[in-house]
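Quick note: residue numbers are just sequence positions, from 1. Every heavy atom of this structure was used, including side-chain atoms; hydrogens, water molecules and symmetry mates were not.
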Amino acid sequence: MNIRPITHADFIEMTGDAPTHSLRGYACEHEDRIIGIAGVLHSRPLIAFSLLKPEIKSNRRVIVEAIKRFRDLLKSYDAQIIAIPDEREETANRFLKHVGFKLDGGYFVWDQ
């Protein structure tokens with residue numbers, strides 16, 4: 001598994017849609033397939049996103065490295081970033097809290 005900077009093609013491969021704004025982030029590649037993405041859409045407000053396929057979740061070492069890089073990316077912004085958890089993903093809230101987001105109403109906020 002390889003973690004590298006995300007491209008628009010990675011975003012499209014994972015979501016089926018082109019990003020609506022410019023973005024920065026990371027993609028995790030395994031056997032020439034994208035199995036996870038995380039980053040920040042440069043909208044107003046800034047929006048954090050992540051999408052993981054099941055096979056990445058079983059590789060703890062890759063998850064730890066990906067979270068570290070995601071946190072470092074978030075810290076590089078001098079602005080508030082919001083994240084809205086996917087209610088279909090049972091671990092979404094726990095993941096966002098682990099990364100460092102704080103719950104504020106119906107969404108999570110990065111203010112560090």
Please tabulate, for side-chain N and O atoms in residues 61-75, each donor-acceptor pair with protein atoms closer than 3.5 Å (sequence neighbours left out).
unit_1, atom_1, unit_2, atom_2, d
Glu65, OE2, Arg69, NE, 2.8
Lys68, NZ, Asp72, OD2, 3.2
Arg69, NH1, Ile3, O, 3.1
Arg71, NE, Val99, O, 2.8
Arg71, NH2, His98, O, 2.6

With sequence neighbours left out, the residues meeting side chain to side chain contact (heavy atoms under 4.5 Å, CB included) with Asp78 are none
Rounded to the nearest 0.5 angstrom, the SG-CE distance for Cys28 and Met14 is 9.5 Å
With sequence neighbours left out, the residues meeting side-chain hydrogen bond (donor to acceptor under 3.5 Å, both in side chains) with Ser43 are none
For Phe108, the ring-ring contact (aromatic ring centres under 6.0 Å, His included) test, sequence neighbours excluded, returns none
Scanning both residues in full, the closest heavy-atom pair of Leu46 with Tyr77 reads CD1-CD2, 3.7 Å
Note to self: Atom CG of residue position Leu103 - does it have more than 12 heavy atoms of other residues, nucleotides or ligands inside 6.0 Å?
What the structure shows: yes
The complete set of side-chain hydrogen bond (donor to acceptor under 3.5 Å, both in side chains) pairs with one or both residues in residues 83-97, sequence neighbours excluded, reads Lys57-Glu89, Asp86-Arg88, Glu89-Thr91
(Q) Let me check something: do Ile47 and Phe101 share a hydrophobic cluster, defined by ILVMFWY side-chain heavy atoms less than 4.5 Å apart, either directly or through other members? (A) no
N/O donor-acceptor pairs under 3.5 Å from side chains in residues 16-27, not counting sequence neighbours:
unit_1, atom_1, unit_2, atom_2, d
Ser22, OG, His42, ND1, 3.0
Arg24, NH2, Ser76, OG, 3.4

- Under 3.5 Å: donor-acceptor pair, side chain of Asn59, backbone of Ile56: no
- prompt: With no hydrogens and no angle check, is any side-chain donor or acceptor of Glu13 less than 3.5 Å from a backbone partner on Ile34?
  reply: yes
Heavy-atom side-chain proximity of His30 to Asn2 below 4.5 angstrom: no
Notebook entry, point to check: Can Tyr107 and Val109 be said to form a side chain to side chain contact (heavy atoms under 4.5 Å, CB included), step by step?
Noted result: CA-CA 7 Å; Tyr107 55 91; Val109 175; 3.6 Å; yes
In short, Pro85 meets Leu96 closest at the heavy-atom pair CB-CD1, 4.0 Å
Sorted by chain and number, sequence neighbours left out, salt bridge (Lys or Arg N to Asp or Glu O under 4.0 Å) with Arg60 holds for none
Can you hop from Val40 to Leu52 via hydrophobic side chains spaced under 4.5 Å? yes
Ile81, Phe95: one ILVMFWY side-chain cluster at the under-4.5 Å cut-off?
yes
So OG of Ser50 and CD1 of Ile37: to nearest 0.5 Å the spacing works out to 8.0 Å
Applied to residues 27-46, the salt bridge (charged side-chain N to carboxylate O under 4.0 Å, His left out) test, sequence neighbours excluded, yields Arg4-Glu29, Arg33-Glu55
